[in-house]
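Nothing here was measured: the structure is a model prediction, and the numbers come from that model. Chain letters run A, B, ... following the sequence lines, proteins first and then strands; every chain starts at 1.
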Amino acid sequence: MTAVLAALLALCVFPGLLFAAAGGLAAEFVDRKLHARMQNRVGPPWFQPLADFVKLLSKEELIPGQADRFVFRAMPILALAAATTALFCIPLFGPRAISRFEGDALVVLYLLTLPTLSFFLGGWASTSPYASIGSMRSLTQLFAYEVPLLMVLMAPGLLAGSWSLSGMALFFQAHALLALSNLPGLCVALVALLGKLEKVPFDLAEAETEIVAGTFTEYSGRRLAFFRLAVDVEAVVAASLLASVFLPWGLSLPLAATVPLYLFKVLAVLFVLALLRTILARLRLEQMLEFCWKWLAPAAMLQLLISVLLAGGLSR
Amino acid sequence: MKWPGKMAAEALRQLLRRPATVPYPSVPAQMPERFRGRIVFDAATCVGCGLCERDCPSGALTINEVGKKRYEAVFQLDRCLFCALCVDLCNKRSLAATREFELAAVRRGDLRVLYPAPAAAKESDGAA
Amino acid sequence: MPDAAATKAWLEERFGAQAAAPRARRVFAEVPAGSLRAVLEVAREELGFDALCAITGLDEGESLAAIYHLACAHGTVLSLKTRVPRASPSLPTVTDLFPGAADYERELDDLLGFHIEGLPPGRRYPLPEDFPRDQKPLRKDWSAR
Amino acid sequence: MSPVTIPVGPQHPALKEPESFDITLEGERILGVTMRLGYNHRGIEKACEARSWVQDLFLLERICGICSHAHSTAFCMAVEDIASLQVPPRAQFIRTLVGELERIHSHLLWLGVAGHEIGLDTLMMYAWRDRETVMDLLALLTGNRVNYGINLIGGVRRDVSAEQLEQVLRSIDFLEQRVRYYVEVARTESTLHQRLAGVGPLSMDDARRLGAIGPTGRASMVDRDTRRDDPYLAYGEVQFKVITDWHCDVYGRTLVRLGELLESFSIIRQLAARLPAGPLKVKAPRKVPAGQAVARYEAPRGEDLHFVRSNGTERPERVKVRAPTLANLASVAKMLENHRLADVPIVIAAIDPCFSCTDRAVRLARSAGCERLSWAELRQHGIDWYRREAGLDLAALDRRLAAHPPPGGPP
């Protein structure tokens, strides 16, 4: 009975839906505020993302006549569910995540890819030309950033000899200095994350001035609110993932220290993301592909090489 | 040398600066002295020559004779384009441009402003 | 370098056109519709009037007129007027000489009812597609009410 | 993938004014573009024929919100030419000063729009923040931020005081430093450069053939500038360079505009140093003698041409306005040929289109098979939906609105 209650609690409150949603809205606020201040603007008040969410919930929802209604309706829920589920496997306030098993690193990556796929399907199902082009772009983009991201996330795993995020975290608690070798990977991951979160310079899928709102063009009301929340949750999950994999220090400290430490790391990741999207222009699709394959993927290979060599040295 | 992120220093500097945004309307906006806002009419000095009415580009202004040498002015603020040409044309300086610019109204009727003739009781006052 | 006086003299001599140069760098001339294209072409080739700035359409009662404003690199503007009868206001297109002129000619058609011979097909400009074709707003006898 | 046609406009985030570009795409590649213009046609030329000369001046100033001074000055010059009025030199200088300030505000506006079109909103925020300086200057000098109303046939309406000139020079110094920073950014920021360089190419031959003017033409080495070629106002008395560029693309157009900003600062300094004393205007006749004139004015977007004909009455017989955008639109289709969808917004923006100028009656584009709701139906639908779904009763508001219809609503 208590096990069921605990599971329900985990599902709904921590680190489940409530925590993820609160974290996501907070992350959106931080991002928007930093973006605004770097542009010398005031920026939104702290409750603005929540207010936007509530407002969207109360709005009328329109579904295009020719849209595939089931896919159109299901995709926002799928995106939100996938992003939230990923949080269960990420070590937040300690080296051990709520759910951990060998190979959970890949599951998290898979779960983080699902929202992008759901954007694609949602956009495709809505049959609008803007959304279709946005969908094509988001899928094309996926292949560009996903490979480098996967490679750099594998690198610490190679070093730690574990395919579990918790396993990696535990390993780096013992070998704190070795985590420094992953810093090139962190840089690659931060750039790839801009693609995953569809932010400038990689926001081609929803490039406002070109294709209106891209994949989300036909979405309104509740479904749009869920999609936007899913993006926010994805941001906080991805930031947590980067924090636990690339900045694993201090996870075995007492809870009173790990909680602020976690917040600090996540905020640092969000800050870098906000800065990058402030100072860069949106790339074209072929420019993005070229950048990712020409620069990002080789950098990820380099990180992999460093980790392989280090792992070889350790085992000897 | 071309490199991405040349604006980083500038962007980070802004973090330490106060936002450039003027928090209007909580801080009122001050218009410069020459601003051409709502036109006011001084019925006491008007001689009813009608120069202003004749040349108003949008026909926003009418001067009516209500009694012997007594004139009232009617402004249609929804037609007025705030060029203040009428002010320049008036030989008796009966018209003046103010710095008032917050003229939005919910009803069209509110945009019709009557400046009554002098003897018609009260001082000329603004929106009805 | 064609200044106003030289341009005026050239027009009078070459085409026997009536020309006037009321101020520096401005020439006004009238040519018959038949020789319009020839004058435009020769003015471009020989005097360097290589930019067609605008075409003004006029309603002069009995006739309609079009003024072709040409500019050269030295600032002289040559305004060539040509008249056509109101009953059959037909002008040859100049889009082959000045490809940018298509919109100017469409405007002549839409607003004044010129018939431009040889104008490449395209959408109307500037009036909406559902505006009655026989209504020509810039004619003097047309009013909005 | 079979070709798809996507509508860019009449309502689209990339366009600040309603115009429509139907773009046929194969993947990301553009196969063809059809333009539909005229959404902003307001019949101003016709309206001018029914108003007096001075009324027309203020009507024409409202053709466009950005280059309003260009239109009003061009009209004034044409009328003064017909009536043989000698405008006092001080008035000429003040007109030139306002004209150059207008160019600064327009080019900074353009820089911001260009940044926004390629996703660099930060550039827009900075450029528009700095543009406030010049807007405030214009308000200080003329009495308003746009539609300055400084012109009168025969001169100007307001004088410029010594303190105001000092304020102008101080602001110019600040703006110059900012513009130098933007030049630096444009030259060195690689993502910006990647989005601009090679985009929307227009060769010198094409530019000449299609009649491209203003910065669009000058960025394709068409060395034309009315200010130099056909000097008007006080331009004959100041030194300035005509900025041209050999890039022949959006990047070149950016550099030309930034270069022109620096030239404008220099022109303003010369004007301030040499502002002659004297009267502000000469009296203009109410009936302009019969005649005709062509006036050309180098607006921020290119040459603005006004043709005015008078028949000796209180009203003009014909006023023809050819705004710069119309001359440049023919080039846009050329620039977009075989390019990518992603470049459409910046290529259109790069000619700095001003469609209100161009078109000078708004109706919906009708397409078959669409359900069209009238304003009243749409409003009723909203009220019903909120009552049903959200339990909000907007009927009280509805009753108030019914009693007093909102301004601008249909009868």
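Interface residue D:Leu305: only side-chain heavy atoms are found under 4.5 Å from chain C. Of the two parts of C:Ile55, only the backbone, made up of N, CA, C and O, holds a non-hydrogen atom closer than 4.5 Å to a non-hydrogen atom of chain D. With a threshold of 4.5 angstrom between heavy atoms, D:Thr34 approaches chain C through its backbone and through its side chain. Within the 4.5 angstrom heavy-atom criterion, no atom of C:Arg44 approaches chain D. Of the atoms belonging to D:Ala295, it is backbone heavy atoms, and not side-chain ones, that fall under 4.5 Å from chain C. For chain C, no part of D:Asp223 is nearby; none of its heavy atoms comes within less than 4.5 Å.
For the atom pair CG (C:Asp103) and CE (D:Met35), the distance works out to 8.0 Å, reported to the nearest 0.5 Å. With rounding to the nearest 0.5 Å, the separation of CD1 in C:Ile67 from CD in D:Gln292 is 5.0 Å. Taken to the nearest 0.5 Å, the NZ atom of D:Lys46 stands 6.5 Å off from the NZ atom of C:Lys140. Rounded to the nearest 0.5 Å, atoms CD (D:Glu317) and CG (C:Leu58) are 7.0 Å apart.
With D:Arg209 contributing its side chain and C:Pro99 its backbone, the two residues share no donor-acceptor pair below 3.5 Å. Under the 3.5 Å distance criterion, the side-chain polar atoms of C:Arg26 are left unmatched by any main-chain donor or acceptor of D:Ala293. A distance-only check finds no donor-acceptor pair linking the side chain of D:Arg322 to the backbone of C:Tyr104 [under 3.5 Å].
Counting heavy atoms from C-beta on, the side chains of D:Leu326 and C:Tyr125 come closer than 4.5 Å. Between D:Arg296 and C:Arg25, the closest side-chain pair of non-hydrogen atoms is not below 4.5 Å.
When all heavy atoms of D:His41 and C:Pro126 are compared, the closest pair comes out as ND1-CG, 3.5 Å. Taking every heavy atom of both residues into account, D:Ala330 and C:Gly100 meet most closely at CB-CA, 4.1 Å.
Here C:Gly57 is the residue among C:Gly57, C:Ala101, C:Ala102 with the most heavy-atom pairs under 4.5 Å with chain D. For the set C:Ala73, C:Ala24, C:Ala51, C:Ala54, the count of heavy-atom pairs under 4.5 angstrom toward chain D peaks at C:Ala73. Interface summary for chain C: among D:Glu303, D:Arg208, D:Glu49, the most heavy-atom pairs under 4.5 angstrom belong to D:Glu49. Among D:Leu210, D:Val294, D:Val222, the residue making the largest number of heavy-atom pairs under 4.5 Å with chain C is D:Val294. Ranked by heavy-atom pairs under 4.5 Å with chain C, the first of D:Asp229, D:Asp230, D:Asn328, D:Thr226 is D:Asp230.
Sparse packing is recorded around CD of C:Glu13, with 12 or fewer heavy atoms of other residues, nucleotides or ligands lying under 6.0 Å away. Enclosure of atom CD in C:Glu45 by more than 12 non-hydrogen atoms of other residues, nucleotides or ligands within 6.0 angstrom is indicated. Annotation for C:Gln18: atom CD does not count as buried by contact number, only 12 or fewer foreign heavy atoms lying within 6.0 Å.
Listed by first and then second residue, the side chain to side chain donor-acceptor pair (under 3.5 Å) pairs involving residues 51-63 of chain C are C:Thr56-C:His69, C:Asp59-C:Arg86, C:Glu60-C:Lys81, C:Glu60-C:Arg83, C:Glu60-D:Arg309 (not counting sequence neighbours).
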